[in-house]
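Structure record follows, encoded as structure tokens.
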Amino acid sequence: MEKTRDKKYWLMKSEPSDYSIDDLKRAKCEPWDGVRNYQARNFMRDEMRVGDGVLFYHSSTDPPGIAGIAKVCSKPYPDKTAFDKSDKHFDPKSKKDDPTWYLVDVCFVKKFKNFISLNELKADPRFEGMMVTKKGSRLSIQPVSKKHFDGI
DNA sequence: GCCAACGTTGGC
DNA sequence: GCCAACGTTGGC
């Protein structure tokens with residue numbers, strides 16, 4: 001039996017030209033594929049649980065920031081785009097009997113009427129210490145504290 | 001488009 | 001296992 005635990009909270013980045021909050025709204029749920037960073041994978045594979053809260057972050061936009069809320073809606077399972085030679089995220093190192101890359105499905109919850117820009121996050125003392133506000137914070141999946149999540 | 005920050009790779 | 005070279009991310 002699975003041990004219960006408190007909800008955790010995450011921030012997941014996407015370039016809206018690749019995949020935006022509107023795409024997720026249309027799709028309702030989508031596998032968060034293409035992650036090829038070990039730390040980010042570890043969060044998905046080892047720490048995420050169904051029902052966890054997700055801040056949907058738009059990167060490489062003007063301005064960058066948080067576009068809305070999603071949630072984790074599957075258990076972790078292997079990222080099959082790593083097995084597909086024609087996929088741009090193909091990774092020959094990942095074997096079907098021992099996959100390197102894992103993902104979870106993410107479901108749309110809501111899109112903010114007011115997009116929260118990175119600048120606003122940085123300017124607001126309530127969000128001090130949030131990973132995404134720090135310089136050089138490239139990690140595409142980041143843990144977020146409940147305090148910060150609720151503040152959003 | 002630039003470039004700083006960071007992750008990964010591979011020669012040794 | 002070190003570290004230089006290279007690739008990628010992402011704010012600006």
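Below, each value reflects all heavy atoms present in this structure, side chains not excepted, and no hydrogens, waters or symmetry copies. First the proteins, then the strands, lettered A, B, ... as listed; each starts at 1.
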Integer-rounded Å distance: C:dG10 C1' and A:Asp18 CG: 13 Å
Donor-acceptor pair, side chain of A:Asp52 and main chain of A:Arg49, under 3.5 angstrom: yes
Nearest-nucleotide pick for A:Lys93, side chain only, options being B:dT9, C:dG11, C:dT9: B:dT9
Closest to side chain of A:Gln39, choosing from B:dG7, B:dC6, C:dC12: B:dG7
Among B:dG7, C:dG10, C:dC12, the one nearest A:Ser140 by side-chain distance: C:dG10
Phosphate contact (C:dG11 OP1 or OP2) by A:Lys135 side-chain N/O below 4.0 Å: no
Rounded distance (Å) that lies between atom C1' of C:dG10 and atom CE of A:Met131: 16 Å
Sugar-phosphate only, base, or nothing, as touched by A:Glu15 at under 4.0 Å among non-hydrogen atoms: nothing
Cystine candidate A:Cys73-A:Cys29, SG separation under 2.5 Å: no
Distance, nearest 0.5 Å, that separates NZ of A:Lys7 from OH of A:Tyr9: 4.5 Å
Nucleotide nearest A:Tyr38 (side chain, heavy atoms from C-beta), chosen from B:dT8, C:dT8, C:dC12: B:dT8
A:Trp10 and A:Phe56 aromatic centres sub-6.0 Å: no
A:Tyr57 side chain near C:dG11 phosphate (N/O to OP1/OP2, under 4.0 Å): yes
Rounded distance (Å) that lies between atom P of B:dC6 and atom NZ of A:Lys13: 11 Å
